[in-house]
Asks: 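Okay, here's the structure, questions in a sec.
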Amino acid sequence: MKEIILCKQGEVVLKGQNRNWFESLLNKRLREALEPYGKFTVYQRQCTTYAEPADGSCDIDGAFEAAKKVFGFVSLSRAAECEKELGAILRTAGEYLPRFLEGVKTFKADARRSDKRFPMTSPQLAAEVGGEVLEKCPYLKVDLENPEVTVRVEIRENAAYVHAGGVRGAGGIPVGSSGKGLLLLSGGIDSPVAGYMMARRGIKLEALHFESFPYTSERAKEKVLSLAKIMSEYTGNFNVNVISLTHIQEELKRLAAEEYFTLLLRRFMMRLADRLAKRDSCGALITGESLGQVASQTLSAIGVTDPVADLPVFRPCIGMDKEEIVQISRRIDTFETSILPYEDCCTVFTPRHPKTRPEIERVLEEENKLDVKALEDEAFATLQTYRTSDM
Ligand code: ATP
Ligand code: MG
């Protein structure tokens, strides 16, 4: 019996004239995601992408889990493929469906024909398949109103497919369809979630992490690389760039008033991010900021750090509560890594009384005590690049 994965496309189907382009991005991303699980042929008919294992050595369980993380699909099912002939369909249904019905009490059968040449109506076919299932799983009861599981047979162009219903896909639109963005990736909870959310809206990611060695440790950096690796199952592979802020932080400590320290540091971060983003053709910066969460994320603090970047800054977490962000981070599996207790460069030399309502004039006055351009150039020169595919 041949088992395949059916992926129902989401918003992509609404894309009118650009639909082909969206679909090819989507299928490319799916191919990439399935690569570790064997050789799959990916193609599409109607609003569905099919992933078909080329041989018996494919890991279809692994592939199914990976496909669930590909943005652009609303639902996925594993299905058995067979000839468009009643005998074959019933045999396949009888063999394939029972394992999805263990522990289930009620079900119904549903049939759909996109190939209307099939010589039975959909209700007739559904009744036959339902009968076959009942014979194999006599403990089941039919419930047409509110079944626990709906088994389906679909008669399509090339073949018939039998499956036990779908699971939710990752939603969103294909990575790459909205261009590229540079994510400021700390080791915290929020920024991986922010990256995930923008990738779900089609942004291809690139990341930038700031370290402050030896004030931050090698392990803090490794933690960030692990987070990137987990995210890449959704976003596809990306580069993680690392820049050292050590000297900037030392100079800030030496020259600037303590209460402006974090704000000035964040202005450096935004400038460096803007510069890297432009170099690497990114059209936006992305941060995990959430309004009012900490002193540097008040409206006035953001007002002071935002203007140093020319590119638009996307802050998908800005209106979310911490609890909501945590929920997403648990779901995408970054939470446990994010809470590992390593220091971040923002927590090194944290002022005792940070300015929550900074005035731009005072910020500039403090900033002018430093040679901003020289410090920025020097920091930029520390850039190192890692790739999630090498981790
Ligand atoms: P997170 O949970 O994402 O670390 P946070 O609540 O700790 O966020 P901040 O430390 O104020 O908040 O950082 C706000 C945002 O600035 C982060 O979401 C991230 O986008 C960026 N950022 C902070 N520290 C770093 C860093 N070391 N490297 C890169 N970006 C950073
Ligand atoms: Mg942080």
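Whatever order the structure lists ligands and atoms in, that order sets their numbers, starting from 1. Computed from a predicted structure; not experimentally measured. Numbers here simply count residues along the sequence, with the first being 1.
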Asks: Could you say whether the N/O atoms of Leu184 and ligand 1 ever approach to under 3.5 Å?
Replies: yes
Asks: For Arg113 and Asp115, run salt bridge (charged side-chain N to carboxylate O under 4.0 Å, His left out): C-alpha distance rounded to whole Å, both residues' side-chain angles, the deciding distance at 0.1 Å, then the answer.
Replies: CA-CA 5 Å; Arg113 297 176 309 154; Asp115 176 3; over 6 Å; no
Asks: Within the 4.0 Å heavy-atom shell around Leu208, which atoms of ligand 1 are there?
Replies: 29 (C)
Asks: In chain order, what residues pass the salt bridge (charged side-chain N to carboxylate O under 4.0 Å, His left out) check against Glu85, with sequence neighbours excluded?
Replies: none
Asks: Which option, Lys221, Lys322, Arg266, owns the non-hydrogen atom nearest atom 16 (O) of ligand 1?
Replies: Arg266
Asks: Numbering the atoms of ligand 1 from 1, which are under 4.0 Å from a heavy atom of Ile189?
Replies: 2 (O)
Asks: Relative to the heavy atoms of Gly188, which atoms of ligand 1 are at a distance of less than 4.0 Å?
Replies: 1 (P), 2 (O), 4 (O)
Asks: Closer than 4.0 Å to some heavy atom of Thr287 - which atoms of ligand 1 meet that?
Replies: 20 (O)
Asks: Taking only heavy atoms of Ser296, which atoms of ligand 1 are found under 4.0 Å from at least one of them?
Replies: 11 (O)
Asks: Are Tyr196 and Phe71, when compared by the centres of their aromatic rings, separated by less than 6.0 Å?
Replies: yes
Asks: Contact between Met269 and ligand 1, counting heavy atoms under 4.0 Å?
Replies: yes
Asks: For Gly288, take its heavy atoms, then give the atoms of ligand 1 lying under 4.0 Å from any of them.
Replies: 17 (C), 18 (O), 20 (O)
Asks: So for ligand 1, is Ile286 a polar contact partner (N or O within less than 3.5 Å, distance only)?
Replies: no
Asks: Could you check whether Arg219 makes a cation-pi contact with Tyr342, meaning its NZ or CZ is under 6.0 Å from the centre of the six-membered ring and within 45° of the ring axis?
Replies: no
Asks: With sequence neighbours excluded, tell me which residues meet salt bridge (charged side-chain N to carboxylate O under 4.0 Å, His left out) with Lys136.
Replies: Glu132
Asks: Is the positively charged end of Lys15 above the ring of Phe22, judged by distance under 6.0 angstrom from the centroid and angle within 45° of the axis?
Replies: yes
Asks: Under a 4.0 Å threshold between the charged nitrogen and the carboxylate oxygen, would Glu23 count as salt-bridged to Arg19?
Replies: yes
Asks: Short list, please: which atoms of ligand 1 are under 4.0 Å from a heavy atom of Gln293?
Replies: 5 (P), 6 (O)
Asks: Verify whether the ring centers belonging to Tyr161 and Tyr50 lie closer than 6.0 Å.
Replies: yes
